[in-house]
Engineer: 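My structure is below; once you've seen it, I'll send some questions.
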Amino acid sequence: IKMPKKKYFRQHAHANPYADYIEYPSSPENVNWEQLFKSENSNPDFLDLGCGYGSFLIFLSGMFPDKNCVGMEIRKKVFLFVKEKIVALQGKQLMGKNCAIIQANAMLFYINYFEKDQLEKIFCLFPDPHFKKKKQKARIICKQMLDQMAYTLKPGGRIYIATDVYDLYTNMVNVFEEHPLFYSIEPSTDIL
């Protein structure tokens, strides 16, 4: 099994978050996690939201071999690259069966995948900043998404955010501070 090459999976940096061209499950009960993970515990524990080319997702699954890690990516070519990369690494037995990816528009269909209290951790690392004022409503960290994430997080669950865009950082922090179900924790050496 060959590793996929990124040059064959080039994609525009942005995808239309309002496009509806992917087939979605009607509810979390219709998601076949067993098919994705092929393990005893078939439910996802960690979510990498907007996982991009999957480096962090694959790293995370190696750090936590007893946890199922799923990535969610909207861009088709990027999704296909990560899917092939996971299959190649698993075929070479370089990683366990605890890593999977789904192609989905989280802004519209997040709640169709995850049940109440299902996830331990959600990672939203370097999301699209949507610089233009009229596009900022498409930012992934918004009140409506936090409502859904709060519903799917287990009690004591955590959301991790990271960005290199200061305006986006302050916006995300403000959205979290204004939400009644989330609070900030002090950084420590044991953050995961």
Side-chain angles (χ1 to χ4, degrees), residues 1 3-6 8-17 19 21-25 28 30-39 41-92 94-115 118-129 138-141 145-146 148-149 151-154 157-163 172 191-192:
I1 298 175
M3 290 292 288
K5 295 188 185 320
K6 228 188 246 188
Y8 299 122
F9 295 90
R10 291 291 179 210
Q11 176 82 37
H12 292 286
H14 307 283
N16 180 357
Y21 52 85
I22 305 166
E23 193 172 314
Y24 295 99
N30 296 330
V31 179
N32 189 350
W33 295 114
E34 292 172 3
Q35 180 183 355
L36 285 170
F37 289 117
K38 300 174 182 72
S39 65
N41 170 22
S42 61
N43 286 322
D45 301 299
F46 298 168
L47 170 65
D48 187 2
L49 192 57
C51 66
Y53 285 95
S55 297
F56 181 74
L57 174 66
I58 290 167
F59 170 78
L60 194 63
S61 71
M63 287 267 307
F64 297 94
D66 58 329
K67 302 290 184 182
N68 285 337
C69 304
V70 65
M72 188 177 267
E73 177 59 47
I74 190 172
R75 297 170 294 169
K76 184 175 184 172
K77 288 183 181 178
V78 177
F79 158 76
L80 292 172
F81 172 81
V82 177
K83 187 175 179 181
E84 286 187 27
K85 189 173 182 180
I86 291 169
V87 168
L89 289 169
Q90 288 174 340
K92 294 180 179 185
L94 296 175
M95 71 181 296
K97 303 286 185 192
N98 67 323
C99 188
I101 184 168
I102 52 178
Q103 183 185 10
N105 182 341
M107 293 289 288
L108 299 176
F109 297 99
Y110 175 90
I111 206 69
N112 291 44
Y113 285 91
F114 305 105
E115 297 175 353
Q118 186 172 13
L119 298 168
E120 291 177 30
K121 299 180 187 316
I122 299 173
F123 298 87
C124 189
L125 309 179
F126 303 95
D128 189 334
R139 288 180 171 172
I140 195 75
I141 299 296
M145 280 301 296
L146 291 188
Q148 294 180 38
M149 290 182 201
Y151 179 79
T152 61
L153 273 174
K154 291 180 178 179
R158 294 182 179 182
I159 297 178
Y160 298 87
I161 58 172
T163 182
M172 289 192 298
I191 61 169
L192 293 177

Engineer: With rounding to the nearest 0.5 angstrom, report the CG to CD1 distance, Leu49 to Ile161.
Structural biologist: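 The distance works out to 12.0 Å.
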Engineer: Can you name the side-chain hydrogen bond (donor to acceptor under 3.5 Å, both in side chains) partners of Lys67, sequence neighbours left out?
Structural biologist: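 Applying side-chain hydrogen bond (donor to acceptor under 3.5 Å, both in side chains) to Lys67 gives Glu120.
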Engineer: Donor-acceptor pair, distance only, cut-off 3.5 Å: does the side chain of Arg139 make one with the backbone of Asp128?
Structural biologist: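 No.
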Engineer: Work out which heavy atom in Ile86 is nearest to a heavy atom in Met95; give both atom names and the distance.
Structural biologist: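 It is O-SD, 4.1 Å.
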Engineer: So, does Gln118 use its side chain to make a donor-acceptor pair with the main chain of Asp45 at under 3.5 Å?
Structural biologist: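 It does not hold such a pair.
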Engineer: What's the separation between atom CG in Asn105 and atom CD1 in Ile74, rounded to the nearest 0.5 Å?
Structural biologist: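 Between Asn105 CG and Ile74 CD1, I get 3.5 Å after rounding to 0.5 Å.
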Engineer: Determine, step by step, whether Ile159 and Met149 satisfy the side chain to side chain contact (heavy atoms under 4.5 Å, CB included) criterion, reporting the C-alpha distance in whole Å, the side-chain angles of both residues, the deciding distance to 0.1 Å, and the verdict.
Structural biologist: CA-CA 8 Å; Ile159 297 178; Met149 290 182 201; 3.5 Å; yes
Engineer: Could you walk me through whether Met72 and Ile101 pass the side chain to side chain contact (heavy atoms under 4.5 Å, CB included) check?
Structural biologist: CA-CA 6 Å; Met72 188 177 267; Ile101 184 168; over 6 Å; no
Engineer: Could you label the plane-to-plane angle of the Tyr160 and Phe123 rings as parallel, tilted or perpendicular, counting under 30° as parallel and over 60° as perpendicular?
Structural biologist: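 It falls in the parallel class, under 30°.
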Engineer: On the 0 to 90° scale, with breaks at 30° and 60°, tag the Tyr113-Tyr24 ring pair as parallel, tilted or perpendicular.
Structural biologist: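 The arrangement is perpendicular - the two ring planes meet at more than 60°.
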Engineer: To check you understand the geometry: which heavy-atom pair defines the closest contact between Ile140 and Pro127, and what is its length?
Structural biologist: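 Taking Ile140 first and Pro127 second, the nearest heavy atoms are CG2-CB, 3.6 Å.
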Engineer: Aromatic rings Phe37 and Trp33: how do their planes relate, parallel, tilted or perpendicular, breaks at 30° and 60°?
Structural biologist: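 Answer is parallel, since the angle falls under 30°.
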Engineer: Give the minimum heavy-atom separation between Val82 and Gly54, together with the two atoms involved.
Structural biologist: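 Val82 and Gly54 have their closest heavy atoms at CG2-N, 3.7 Å.
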Engineer: Would you mind telling me which of Lys76, Glu73, Glu23 makes a side chain to side chain contact (heavy atoms under 4.5 Å, CB included) with Gln103?
Structural biologist: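 That would be Lys76.
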Engineer: Once rounded to the nearest 0.5 Å, what's the spacing between atom CD of Gln35 and atom OG of Ser42?
Structural biologist: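 One gets 11.5 Å once the value is rounded to the nearest 0.5 Å.
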Engineer: First locate atom OG1 of Thr152, then atom CG of Leu47, and finally report the distance between them rounded to the nearest 0.5 Å.
Structural biologist: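 These two atoms lie 7.5 Å from each other.
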Engineer: Under the criterion side chain to side chain contact (heavy atoms under 4.5 Å, CB included), which of Asn98, Leu36, Leu119, Ile102 is the partner of Pro44?
Structural biologist: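 When side chain to side chain contact (heavy atoms under 4.5 Å, CB included) is applied between Pro44 and each of Asn98, Leu36, Leu119, Ile102, only Leu119 qualifies.
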Engineer: Ignoring hydrogens, what is the shortest heavy-atom contact between Lys85 and Ser55? Give both atom names and the distance.
Structural biologist: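 Closest approach of Lys85 to Ser55, heavy atoms only: NZ-OG, 4.3 Å.
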Engineer: Test side chain to side chain contact (heavy atoms under 4.5 Å, CB included) on Asn68 and Phe46; report intermediate values, then the result.
Structural biologist: CA-CA 6 Å; Asn68 285 337; Phe46 298 168; over 6 Å; no
Engineer: Is any side-chain heavy atom of Ile141 less than 4.5 Å from a side-chain heavy atom of Cys124?
Structural biologist: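 Yes; the side chains approach each other to less than 4.5 Å.
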Engineer: With Tyr110, which residues qualify under ring-ring contact (aromatic ring centres under 6.0 Å, His included), at least two apart?
Structural biologist: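 Here the qualifying residues are Phe114.
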Engineer: Between Leu57 and Ala100, what is the shortest heavy-atom contact and its length?
Structural biologist: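 Shortest heavy-atom separation between Leu57 and Ala100 comes out as CD2-O, 3.6 Å.
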Engineer: Could you tell me which non-hydrogen atom of Ser61 sits nearest to which non-hydrogen atom of Cys69, and how far apart they are?
Structural biologist: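 That would be CA-SG, 3.7 Å.
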Engineer: So how far is it from Ile122 CD1 to Arg158 CZ, rounded to the nearest 0.5 Å?
Structural biologist: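 Rounded to the nearest 0.5 Å, the CD1-CZ separation comes out at 13.5 Å.
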Engineer: Side chain to side chain contact (heavy atoms under 4.5 Å, CB included), that's the test. Do Val70 and Asp48 meet it? Break it down for me.
Structural biologist: CA-CA 6 Å; Val70 65; Asp48 187 2; over 6 Å; no
